[in-house]
Participant: 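One structure follows; several queries about it will come next.
Just so it is clear, the model here is predicted, and its values are computed rather than measured. Each ligand, and each atom within it, is numbered from 1 in the order the structure gives. Here, residue 1 is the first one in the sequence, and each next residue gets the next number. Values reported hereafter were calculated over all heavy atoms of this structure, with side chains retained and with hydrogens, waters and symmetry mates removed.
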Amino acid sequence: MPRAFSELTFTPAVRVHQERMGSARTYSKFIEDGPQQGHQIGPAEKAFIQARDGFYQSTVSETGWPYVQYRGGQVGFLKVLDPQTIGYADFSGNKQYISRGNLDGNDRIALILMDYANQRRLKILGRVTFTEGETAAASLYPEGAEAPAERAALIRVEALDWNCPRHITPRFTEAELRPHLNALGQQLAQLQAENEKLKQLLTQRS
Ligand SMILES: Cc1cc2nc3c(=O)[nH]c(=O)nc-3n(C[C@H](O)[C@H](O)[C@H](O)COP(=O)(O)O)c2cc1C
């Protein structure tokens, strides 16, 4: 775990439990001499972020409730703008504005990005700023976006952490399966044609 992530997540209350359960010494290494800073988006993180078609995002309400919402779009709708900033165009949805309202009182956000096919996930902690209006969002539009977006959401990344891949069930989107299904379809067509020819040969011989 990179130092930036443990600094934000290992709060005094968390440390009390690590002490009680005997993991505090192991984890103090991450805080004191963690190998990487972990607050910058490197090439691996950039490629991973830009290949996603959705992510889970958590905010905190003014009454203290955590709130998780799934954000989806076409691959690449979450853009890496510089090594510490990601952003997306916020399109009109169900107009509940729960995440939007939560972020007025507390700009902190936690994201979890999943790659089920390759059993990888990335956690991101950051702070959000919004710029209201369609014009502000225009530079963040994914290719081929139809409806006008309501605002631009910019996330200043404070920490990243590659989460352990345990218990990620491999799942595949239609786009991920398509090349394999096409290859199988071609094989099946060849076998059907061959089978037809063999059947004809058998009929001719009998
Ligand atoms: C017409 C319509 C379009 C929507 N489009 C999206 C979308 O493109 N991406 C998305 O993540 N959710 C979409 N949603 C679902 C929610 O509106 C969306 O998750 C929204 O962010 C809710 O945010 P909130 O729960 O923070 O209020 C759509 C919903 C509706 C009714």
Participant: Just need the protein heavy atom nearest to atom 26 (O) of ligand 1, so name the residue and atom and give the distance.
Facilitator: Ser99 OG, 2.5 Å
Participant: So which protein heavy atom does atom 17 (O) of ligand 1 come closest to, and at what separation?
Facilitator: Asn94 N, 2.6 Å
Participant: Strictly inside 4.0 angstrom of atom 6 (C) of ligand 1, do you find any protein heavy atom?
Facilitator: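 No, there is no protein heavy atom closer to it than 4.0 Å.
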Participant: Asn94 side chain to Gln96 main-chain N or O, any donor-acceptor pair under 3.5 Å?
Facilitator: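 Judged by distance alone, yes, a pair lies under 3.5 Å.
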Participant: Kindly assign one of parallel, tilted or perpendicular to the pair Phe10 and Tyr27, based on the angle between their ring planes and the thresholds 30° and 60°.
Facilitator: perpendicular
Participant: Please tell me whether Arg120 and Asn118 have a donor and an acceptor in their side chains that are separated by less than 3.5 angstrom.
Facilitator: no
Participant: For Arg121 versus Pro165, what's the shortest heavy-atom pair and its separation?
Facilitator: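 It is NH2-C, 4.2 Å.
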Participant: Taking distance alone, with N or O pairs closer than 3.5 Å, would you say Arg71 contacts ligand 1?
Facilitator: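 N/O-N/O distance below 3.5 Å exists for this pair.
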Participant: Suppose I only count heavy atoms of Tyr70 and a 4.0 Å limit; which atoms of ligand 1 are within that range?
Facilitator: 11 (O), 19 (O)
Participant: Measure from NZ or CZ of Arg3 to the centre of the six-membered ring of Phe5 and say whether it is under 6.0 Å with the direction within 45° of the ring axis.
Facilitator: no
Participant: May I ask you to check if ligand 1 and Ser92 share an N or O to N or O distance below 3.5 Å?
Facilitator: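 In this structure, Ser92 places no N or O atom under 3.5 Å from an N or O of ligand 1.
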Participant: Can you report which non-hydrogen protein atom sits closest to atom 10 (C) of ligand 1, along with the distance?
Facilitator: Gly72 N, 3.5 Å
Participant: Between Thr131 and Ala136, what is the shortest heavy-atom contact and its length?
Facilitator: CG2-CB, 3.5 Å
Participant: Return yes if some donor-acceptor pair links the side-chain N/O of Glu7 with the main-chain N/O of Ala4 below 3.5 Å, else return no.
Facilitator: no
Participant: Of the choices Ala149, Ala89, Gly93, which has the non-hydrogen atom that lies closest to atom 30 (C) of ligand 1?
Facilitator: Gly93
Participant: Any idea which heavy atoms bring Ala159 and Leu8 closest together, and the distance?
Facilitator: CB-CD1, 4.0 Å
Participant: Does only the side chain of Tyr67 get under 4.0 Å from ligand 1, or the backbone, or both, or neither? Count heavy atoms.
Facilitator: side chain
Participant: For atom 27 (O) of ligand 1, grab the closest protein heavy atom and report residue, atom and distance to one decimal in Å.
Facilitator: Ile98 N, 2.8 Å
Participant: If you count every heavy atom of other residues, nucleotides or ligands that lies below 6.0 Å from Arg108 atom CZ, does the total exceed 12?
Facilitator: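 No - once you tally the heavy atoms of other residues, nucleotides and ligands closer than 6.0 Å, there are 12 at most.
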Participant: Would Phe91 count as a polar contact of ligand 1, with the cut-off being nitrogen or oxygen pairs under 3.5 Å?
Facilitator: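 It does not: no N or O of Phe91 is found under 3.5 Å from an N or O of ligand 1.
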Participant: Run the contact test for Gly73 against ligand 1 with a 4.0 Å cut-off on heavy atoms, strictly below, and give the result.
Facilitator: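 Gly73: no contact with ligand 1 (<4.0 Å).
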Participant: Between Tyr88 and Phe55, does the ring centroid distance fall short of 6.0 Å?
Facilitator: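 Yes - the distance between ring centres of Tyr88 and Phe55 falls below the 6.0 Å cut-off.
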Participant: Heavy-atom distance from atom 15 (C) of ligand 1 to the protein below 4.0 Å?
Facilitator: no
Participant: Counting from 1, what ligand 1 atoms have a heavy atom of Tyr97 closer than 4.0 Å?
Facilitator: 27 (O)
Participant: Looking only at protein heavy atoms, which one is nearest to atom 18 (C) of ligand 1, and what is the separation?
Facilitator: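 I find the closest protein heavy atom is Gln69 NE2, 4.2 Å.
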